[in-house]
Amino acid sequence: LFSALKAQVEKGNFIPVGGSWVEMDTNIPNAESMIRQFLYGQKFYREEFGVHSDILWLPDTFGYSGQLPQIMQICDIKYFLSQKLSWNLTNTFPHHTFIWKGIDQSRVLAHFPPGDTYESDLKIKDVLKTVSNNKDKGRTHDQMLLFGHGDGGGGPTPQMIDRLDRISSITGMPQIVRSTPQKFFAAVEKSSNMLCEWWGELYFELHRGTYTTHAKLKESNRVAEFWMTDIEFLCSLDLNNLVSCSKIEEMWKTVLFNQFHDILPGSSIEQVYIDAMEDYTSLLKLYNEEWENIRDVVMPDSKGFVVNPYNWPRRQVITMNDDEEVLVEVPGTYIGAVSLATTTSKAGAFVLEDGICLCNSLIKVVFSLEGRMKSLVHKPTQRECLEPGSMGNRFVIFDDIPLFWDAWDVMEYHVETRQEFHPTSIQVVESGPLRSSVKITVPLGEHGELTYIATVLAETPYLSIKADISWRAAHKFLKVEFPLSVSSTEAQYEIQSGFVSRPTHANTSWDSAKFEVSGHKWAHLGEPNFGVGLLSKSKYGFSAKHNCLTLSLLRSTKAPDGNADMDDHVIEYAVYPHDGPLYASRIVQHAINFNHPLLHHSTPHDKITPRHKPTINPARLINKTSLRVSSEEVIVQAIKKGEDGKGLVVRLYEPYGNTVSKVSLSHDLLRQAFSINAVERESSKTVMPTNGNEVGPLKFRPFEIKTIYLELDVSEDMMNGSSCKKAKLDE
């Protein structure tokens, strides 16, 4: 069957479009995942069909990230098609053909078929609607009408083709031309200077429950994305390919498949999630196998090491192999032994007359004797973060009965059913000097049980919370609220390689429709010189009304999966106060540190098997810090081997919306550097200026993603003469 399909592609009867591995969700996957959708999707198209798709075809995905235009552009995709925003419940999207501008100002040509469907059966009403409903008349004369059984497949029927022929011959009917998506976009592009622009995200005013439904799957996705960051960084250190790292593509495809727009959002039947969780179990097995292979090459003489794939130094409390907690300090882009650190910012827990206090030199948190959070003080400014008279970390449950689709939707009226659940007990668990914590119980009545550990760590500027929840509700929505002493008309939410601002008010129908929004590792409410961030380890649903920042924790939908989220859950989040503006807060770095903590890995000598010993040339092992980035104003998103198996690929982005200049990248073995697109097409390579082993200076526009290909000199003479690490292997 597939051979027959390929033959039809060659004849031009079957047209590959899309360019991604699957028709993915774009709210939840991180930027690197979205880039890999195109990397592996386009690779498949080239290998199987001999084509490159320049059209992103996402007719049925639940909203579109404001970073998608740039990701499309750096993956050699020019055009975008969808129709999902025609389902908006509150506002009618004002365009059908327009220029979509990303948060970094990248531009792509977008088209929403005016018939508001991708599965027309070619009745006369569909043809007439395509013409009459077009909101961009006068700017473009071409509209696309998609026909055939599209949702689930099947394509056009003979009856539809016959109907098309008949309609084309009726006097007075619009002219219908059988064409291809490529020809359509090429025709529209000729007059695109007349089109209107839409800047930023394409927020979908429906299916907002998909940010939260099926919590464990979303947590597995987040963890898997960090696994891939680690394993690719480790494999990139093996310059002479002593270990093949051959399973990385298979691992990525497992991650990408489960980001399909009806899997990751939580809107599939139960069996899908049984299969998906088995996929993640298999992925962990592959991860461990790759880890075992590569670590014996990269760190063969070490009994323990840490990995930091990011470009900033980290001071963090970690647990060593003997369960001893220590404060360590490691450089950026580092693999190696830990350096123990000392601190004057010790954590402590103190029993007061009317409560319990957790603190270090940066924050102070006070709980009542029942366990309510009464105060959160940013100590350097002595500013109280909680709204006067209000309690923080409030657990609230809402009735969750949507109008249409259970797993997909949460309706605005759910906020009218708010019920708060109060803590009943508190006890000190640890009292320093590196960790201080309390355990608090919050009964949820018939809906389940909840206990949480609130922790302050030495030198850590945020309060972290780890909640254990046994959830057995039906049509309920659990959230946690932080009413803050901060005033702003906008809150910020992390998306892929950047953030977007959304209103905290309901001045207009467009504002009020954003009562539940998606975000990645953090949300933030701030004034020009002070702010509070809410960091999340596995949650993607947020809301902000006036001064209250809220994280969505769990839903309990009953269709199409009657057992969705009926389980025990561990949910981690943190509240982070800071002085100064958002761009100076380092919230991006802190959110990554919180989500992806340093881990101490044991590598006993007996793990270095005789099979490995004769293959390792000590001079071939890369130095622990051979790759360096001069500035923390940009973030290293990925460090990986090039798809050609030769060079080193480094991907960076600007996270705070600033123009950044004079960033340099250096590597001890640098021979030449190239700018390259994100799918690493050879034709996109452009030579970059270098000075010795340094690339740059590099300039980033706000939220820009750059991909740099480093050609390294891995000759014996160069490796021996550089600062490369010399392995000391036992004979």
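Everything numeric here is computed off the predicted structure, so don't read it as measured data.
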Worksheet entry | Donor-acceptor under 3.5 Å (Asn221 side chain, Ala224 main chain) | no
Item to complete: Would you check if Trp408 and Pro402 make a side-chain contact, meaning some heavy-atom pair closer than 4.5 Å?
Response: no
Practice prompt. Hey, could you give me each pair passing salt bridge (Lys or Arg N to Asp or Glu O under 4.0 Å) that has a residue in residues 520-543? Not counting sequence neighbours.
Written response: Arg383-Glu527, Glu494-Lys521, Lys537-Glu572
Discussion item. If we ignore hydrogens and angles and just use 3.5 Å, is the side chain of Thr460 paired with the main-chain N or O of Val456 as donor and acceptor?
Written reply: no
Discussion item. Contact between Val438 and Val429 at the side-chain level, heavy atoms closer than 4.5 Å - yes or no?
Written reply: no
Worksheet item: Parallel, tilted or perpendicular: which describes the rings of Trp312 and Tyr310, with under 30° parallel and over 60° perpendicular?
Response: parallel
Response to the item:
Sorted by chain and number, sequence neighbours left out, ring-ring contact (aromatic ring centres under 6.0 Å, His included) with His214 holds for Tyr273
Practice prompt. State whether Lys476 and Asp399 are salt-bridged, where the test is any N-O pair (Lys NZ or Arg NE/NH1/NH2 against Asp/Glu carboxylate O) under 4.0 Å.
Written response: yes
Practice prompt. Report the residues that fulfil salt bridge (charged side-chain N to carboxylate O under 4.0 Å, His left out) with Glu516, sequence neighbours left out, ordered by chain and then residue number.
Written response: Lys479
Worksheet entry | Set of side-chain hydrogen bond (donor to acceptor under 3.5 Å, both in side chains) partners for Arg651, sequence neighbours left out | Glu32, Thr707
Fill in: Carboxylate-amine/guanidinium proximity below 4.0 Å for Glu201 and Arg502
yes
Discussion item. Any salt bridge linking Glu416 with Arg418? Criterion: basic side-chain nitrogen under 4.0 Å from a carboxylate oxygen.
Written reply: no
Item to complete: Return yes if a side-chain donor-acceptor contact under 3.5 Å exists between Asp565 and Ser556, otherwise no.
Response: no
Item to complete: Sequence neighbours left out, what pairs pass ring pair (Phe, Tyr, Trp, His ring centres under 6.0 Å) with at least one residue falling in residues 363-399?
Response: His378-Phe530, Phe395-Tyr452, Phe398-His414
Item to complete: Return the set of residues passing salt bridge (charged side-chain N to carboxylate O under 4.0 Å, His left out) with Arg394 (not counting sequence neighbours), or none when no residue passes.
Response: Glu481
Worksheet entry | Listed partners of Ser487 passing side-chain hydrogen bond (donor to acceptor under 3.5 Å, both in side chains), at least two apart | none
Practice prompt. Check the surroundings of atom CD in Glu633: do more than 12 heavy atoms from other residues, nucleotides or ligands lie under 6.0 Å from it?
Written response: no
Worksheet item: Heavy-atom count around Lys558 NZ within 6.0 Å, excluding the residue itself: above 12?
Response: yes
Worksheet item: Residues in side-chain hydrogen bond (donor to acceptor under 3.5 Å, both in side chains) with Ser65, at least two apart?
Response: Gln496
For residues 583-591, run the donor-acceptor check on the side chains, cut-off 3.5 Å, and write out each pair with its distance to 0.1 Å, sequence neighbours left out.
residue, atom, partner, partner atom, Å
Ser585, OG, Leu582, O, 2.6
Ser585, OG, Ile587, N, 3.2
Arg586, NH1, Glu632, OE1, 2.5
Gln589, OE1, Tyr656, OH, 2.7
Gln589, NE2, Glu632, O, 3.2

Item to complete: Evaluate the ring planes of His447 and Trp471, with Trp represented by its six-membered ring, and classify them as parallel (under 30°), tilted (30 to 60°) or perpendicular (over 60°).
Response: tilted
Discussion item. So, taking the atom named OG1 in Thr550 and the one named CZ in Phe515, what distance separates them when rounded to the nearest 0.5 Å?
Written reply: 13.0 Å
Discussion item. Test: salt bridge (Lys or Arg N to Asp or Glu O under 4.0 Å). Region: residues 431-455. Which pairs qualify, not counting sequence neighbours?
Written reply: Glu325-Arg435, Glu430-Arg435, Glu449-Arg472
Worksheet entry | Check: Tyr653 ring centroid to Phe703 ring centroid under 6.0 Å | no
Item to complete: Answer with yes or no whether the side chains of Asp468 and His569 bring together a donor and an acceptor at under 3.5 Å.
Response: no
Worksheet item: Who pairs with Asp579 by side-chain hydrogen bond (donor to acceptor under 3.5 Å, both in side chains), at least two apart in sequence or on another chain?
Response: none
Worksheet entry | Pairwise salt bridge (Lys or Arg N to Asp or Glu O under 4.0 Å) hits with a residue in residues 356-380, at least two apart | Asp354-Lys374
Worksheet item: Among Thr659, Asp104, Asn658, which one satisfies side-chain hydrogen bond (donor to acceptor under 3.5 Å, both in side chains) with Arg701?
Response: Asp104
